[in-house]
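First the proteins, then the strands, lettered A, B, ... as listed; each starts at 1. These values consider heavy atoms only, across backbone and side chains, with no hydrogens, waters or symmetry-generated copies.
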2 protein chains.
Amino acid sequence: MDRPYGKVLDKLRGAGLRPTRQRLALARLLFDSGDQHVTAEHLYALSKSADAKVSLATVYNTLHQFKEAGLLREVVVEPGRSYFDTNIDNHHHFYDPQTGELIDIPSSHVTLASLPTPPSGKKVDRVDVVVRLSGSD
Amino acid sequence: MDRPYGKVLDKLRGAGLRPTRQRLALARLLFDSGDQHVTAEHLYALSKSADAKVSLATVYNTLHQFKEAGLLREVVVEPGRSYFDTNIDNHHHFYDPQTGELIDIPSSHVTLASLPTPPSGKKVDRVDVVVRLSGSD
DNA sequence: GTGATTGCAAATCTTTTGCACTAAA
DNA sequence: TTTAGTGCAAAAGATTTGCAATCAC
């Protein structure tokens, strides 16, 4: 392929985000390598390794813009640190507190047979299932 | 009742925690009013209203000690803020991002018909279901 | 007394923000 | 050009930590 930015370019345009050098670089790191879970610091480190000059502030801004645009999902499993998930399909997670690792669980692998009725005036936006792992088997 | 501290005193002793003035005061605020969800700042504010002189640092330390001792459960639903839940039974939560409010869901109201197998060498510690609420019905 | 606990203030960590500068359209 | 986006450094917010003073046993 001769257009290394083609895919993410379309993605950004589709989301109505101006395709700046920084956003393109981060988008490539995020979306060109299959599903992944990154923290801001982690993505910042990735961008450094990739020689993309992006400031940490821009990493934060960009992660939130991508999230607002529906390109990413924020996953909160640990106090004081946010993960961003490039898998935006309906799905759930294993979380290993020992390693800080998140692993996707396809929603088809979790059967929620019944759910309670939300408080009146509210509706269910989303159901997040986090399966916390521990020690060893 | 003539022993306002009796119940929580036993609770602290049972957990192997020295019943100091501060721990007793916080334990009363936490456990003498039915199930509740508090943040550190919230409990700190409560302790002030109750004229219990407890520093914020001690509130944080105490919440974590209570958690270690199994008297509380930590619930993370929002980046940058931890909730502590006095309900330590197996259960789940509604979360309203608009108000920051957590509402217990008895585990009997959520049927998890199937769960995926954890990665080898790991076992399931706990399954947390968070039902995120949105706007209005 | 003696070791555990507390309070304070400083430190830490993640995330956000203000603002001058730069780049995209 | 004109407006959106970026980088830096400072600020903010939650939480933690070091250490001397205090308390429970």
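Note on residues 69-82 of chain A: pairs passing side-chain hydrogen bond (donor to acceptor under 3.5 Å, both in side chains), not counting sequence neighbours, are A/Lys67-A/Glu74, A/Glu74-A/Ser82, A/Glu78-A/Tyr95.
For residues 67-88 of chain A, proximity to DNA chain D is found at no residue, defined as any non-hydrogen atom under 4.0 angstrom from a strand atom.
Evaluation of the side chain to side chain donor-acceptor pair (under 3.5 Å) rule for B/Asn87 yields B/Asp104 as partners, not counting sequence neighbours. The salt bridge (charged side-chain N to carboxylate O under 4.0 Å, His left out) check on A/Arg13 picks up nothing, with sequence neighbours excluded. Contacts of A/Lys11 classified as salt bridge (charged side-chain N to carboxylate O under 4.0 Å, His left out), with partners at least two apart in sequence or in another chain: none. B/Asn61 pairs by the side chain to side chain donor-acceptor pair (under 3.5 Å) definition with nothing, not counting sequence neighbours. Not a single side chain to side chain donor-acceptor pair (under 3.5 Å) links A/Arg18 to another residue, sequence neighbours left out. Residues satisfying the side chain to side chain donor-acceptor pair (under 3.5 Å) criterion with B/Ser114, sequence neighbours excluded, are A/Thr111.
At whole-Å resolution of the value, OH in A/Tyr60 and C1' in D/dA9 are 15 Å apart. Rounded to an integer number of Å, the gap from CZ of A/Arg13 to P of C/dA24 is 12 Å. Look at CG on B/Leu63: it is 15 Å from P on D/dT17, rounded to the nearest Å.
Clustering of Ile, Leu, Val, Met, Phe, Trp and Tyr side chains at separations under 4.5 Å leaves A/Ile88 isolated, with no partner residue.
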Report, one line per pair, each donor and acceptor closer than 3.5 Å where one atom sits in a side chain of residues 52-60 of chain A; sequence neighbours left out.
residue	atom	partner	partner atom	Å
A/Ser55	OG	A/Thr58	N	3.2
A/Ser55	OG	A/Thr58	OG1	3.1

Which atom pairs link the protein and nucleotides 4-10 of chain C when you take only N or O atoms and keep those under 3.5 Å?
residue	atom	partner	partner atom	Å
C/dA4	O4'	B/Arg18	NH2	3.3
C/dT5	OP1	B/Arg23	NH2	2.3
C/dT6	OP1	B/Thr20	OG1	2.5
C/dT6	O3'	B/Gln22	NE2	2.6
C/dG7	OP1	B/Gln22	NE2	3.1
C/dG7	OP1	B/Lys53	O	3.1
C/dG7	OP2	B/Ser55	N	3.0
C/dG7	OP2	B/Ser55	OG	3.1
C/dG7	OP2	B/Thr58	OG1	2.5

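Considering only heavy atoms from C-beta on, B/Leu112 comes within 4.5 Å of B/Val129 through its side chain.
One end of the helix from C/dG1-D/dC25 to C/dA25-D/dT1 points its axis 30° away from the other end's axis, with each axis taken from 5 pairs and the angle rounded to 10°.
Between A/His64 and C/dT16, a side-chain N or O to OP1/OP2 separation shorter than 4.0 Å is present.
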